[in-house]
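A, B, ... follow the sequence lines: proteins, then strands. Residue 1 opens every chain. This one's a predicted model, so the numbers in the text were calculated from it and none came from an experiment.
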There are 2 protein chains.
Amino acid sequence: MKTDFEILNFFKELNSNCSTVIKRTFSKGETITTYIEKRAQLCILMSGTANLIRYDFNGNKTIIGQFTKDEIFGEILYPTNTNNELFVEAKESCDVLFFNYNNIITGCTKKCKIHQELKNNIFTLIMKNTIKLNTRIELLTKKTIRDKLLTYFNISSYKNFDRTFVLPFSLTDLADYLSVDRSAMMRELARLKNEGFIKKQGNKITLLIK
Amino acid sequence: MKTDFEILNFFKELNSNCSTVIKRTFSKGETITTYIEKRAQLCILMSGTANLIRYDFNGNKTIIGQFTKDEIFGEILYPTNTNNELFVEAKESCDVLFFNYNNIITGCTKKCKIHQELKNNIFTLIMKNTIKLNTRIELLTKKTIRDKLLTYFNISSYKNFDRTFVLPFSLTDLADYLSVDRSAMMRELARLKNEGFIKKQGNKITLLIK
DNA sequence: AAAAATCTGTTGCAAAAGCAACAAAAACAT
DNA sequence: ATGTTTTTGTTGCTTTTGCAACAGATTTTT
């Protein structure tokens, strides 16, 4: 499978006379897209970070997903069966590519040479996204906050080849990601620290157990 | 996007002299595949149902995913960062197609005509799988069992075009799917019934509220 | 440099969920 | 048809979690 680096480079150099792509830049707080209309949209985040946000009928805002560089998202990957309104909001300045799924499958009208590669790369990004979703499900299915945290820390240390790692986002974001109450999570973190499972200085965590 | 029916027919007729596919049948209880070795495997379930099962270090068995007809699975879609042993086990008799991801991306050596269509169909199945995973995440991120159940019921009734629907699996399986304690879920179901939110006769549920 | 907004950390209390154990019903197998 | 296994349904008790509220630290904005 291609590396993120190779794929990102492909998209950077993607010639815009290939009819299937639009490039846009968004500044912090702007809405990149919504999942309301159904137009088979696929988006690739070239730089920056963005949140997938749900406003429920009470107007409560919930962060239900986070996207970073190289990641793919868009309403075509999302179920239509909820009546919630979903928005993707730039958390910081973002460069985004927009595609249409049908154009990708059928091939663009100009039959540009790179179209085949485009398809393969999007394929690969969607597979990576699947792995990301399965990882999150693995965490969400753990029954206790402690288990969620320890599993998350294990995965992080595995990825980082080091028992010590820095969280890629704030503790508030981590609570959203694990779908637990932030204060309850902080309490559990304090316990893990007291009981000698972890060391913690700000967002830098060290796992002290296997 | 193609319908499940069209895709299933394509795979049924997939000529086996296309080098990329192997077909096998499994009877109830047999292990279809494991996610231990890394050989870029992708599997399509042609008939039957199967469970994705984890045995943790204590030997506890947990059902972490369920697959039915037309669905795609396989270790290539799953993160490598956990040291758990994962198995896909036939819950009933199953017909399964096995592919290799790299063969699909690069094209088979015989350059058979249907290879392009094969790729598109697998692409589509993976997208459907993404939607399925996002649906489950939506449920798992709900904070209470009541919220999980009501959201699940809403989605089911939406899909079924009817406030009344039959669960596609047992209540025990539903508890696994929502990752909650079965007895706690039963308690909550009883409350929802008493409070007039639902009607329930065995696995047949009717939503009585919006 | 000051003001505003966000994030971190802590705690008491109430609500929710997990666990364990058991009996009855239903499904499956011999 | 009979015995076995799985599923459903219920309940008491304990643990975990969410909620609310607050203070201090840090970051961002003006």
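- Within residues 186-198 of chain B, the residues that place at least one heavy atom under 4.0 Å from DNA chain C are, in residue-number order, Arg187(B), Glu188(B).
- Taken to the nearest 0.5 Å, the OG1 atom of Thr49(B) stands 12.0 Å off from the NZ atom of Lys69(B).
- Note: CD (Glu92(B)) to C1' (dT6(D)) measures 15 Å, nearest angstrom.
- Within the structure, side chain to side chain donor-acceptor pair (under 3.5 Å) pairs that include any residue of residues 197-208 of chain A comprise Thr164(A)-Thr206(A) (at least two apart or interchain).
- The distance between atom NZ of Lys91(A) and atom P of dT6(C), rounded to the nearest whole Å, is 13 Å.
- Interatomic distance, Leu77(B) CG to Tyr101(B) OH, rounded to the nearest 0.5 Å: 10.0 Å.
- Close to dT8(D), at under 4.0 Å from its OP1 or OP2, lies a side-chain N or O of Asn203(B).
- Between Ile72(B) atom CD1 and Leu125(B) atom CG the span is 5.0 Å, to the nearest 0.5 Å.
- Atom pair Tyr177(B):OH and dT7(D):C1' shows a separation of 21 Å (rounding to whole Å applied).
- Counting to the nearest Å, the C1' atom of dT8(C) and the CD1 atom of Ile205(A) are 13 Å from each other.
- For the residue pair Ser170(B) and Arg182(B), no side-chain donor N or O sits within less than 3.5 Å of a side-chain acceptor on the partner.
- Following rounding to the nearest Å, Ile145(B) (CD1) and dA16(C) (C1') show an atom-to-atom distance of 8 Å.
- The distance from the CD1 atom of Ile7(B) to the NZ atom of Lys128(B) is 5.0 Å, given to the nearest 0.5 Å.
- Residue Lys200(A) places at least one side-chain N or O under 4.0 Å from the OP1 or OP2 atom of dG9(C).
- With rounding to whole Å, Asp173(B) atom CG is found 7 Å from dT7(D) atom P.
- For dT8(D), one of the phosphate oxygens OP1 or OP2 lies less than 4.0 angstrom from a side-chain nitrogen or oxygen of Thr172(B).
- Side-chain contact, Thr151(B) with Glu138(B): no donor N or O sits under 3.5 Å from an acceptor N or O.
- If you measure from atom CZ of Phe169(A) to atom P of dT6(C), you get 19 Å, rounded to the nearest angstrom.
- Note that CZ of Arg136(B) is 8.0 Å distant from CG of Leu178(B), once rounded to the nearest 0.5 Å.
- In this structure, Lys142(B) places its NZ atom 17 Å from C1' of dA16(C), rounding to the nearest Å.
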Exercise for review: Determine, for nucleotides 20-30 of chain D in 5'-to-3' order, which nucleotides have protein heavy atoms under 4.0 Å from the base (write B), from only the sugar-phosphate (write S), or from neither (write -).
Suggested key: B--------S-
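- Nearest nucleotide to the side chain of Ser170(A), out of dG9(C), dT8(D), dC7(C): dC7(C).
- The side-chain tip of Arg146(A) points at the ring of Phe197(A) from less than 6.0 angstrom away and within 45° of straight on.
- Along DNA chain C, the nucleotide nearest to Gln201(A) and the one nearest to Lys143(A) differ in position, and the one closer to the 5' end is contacted by Gln201(A).
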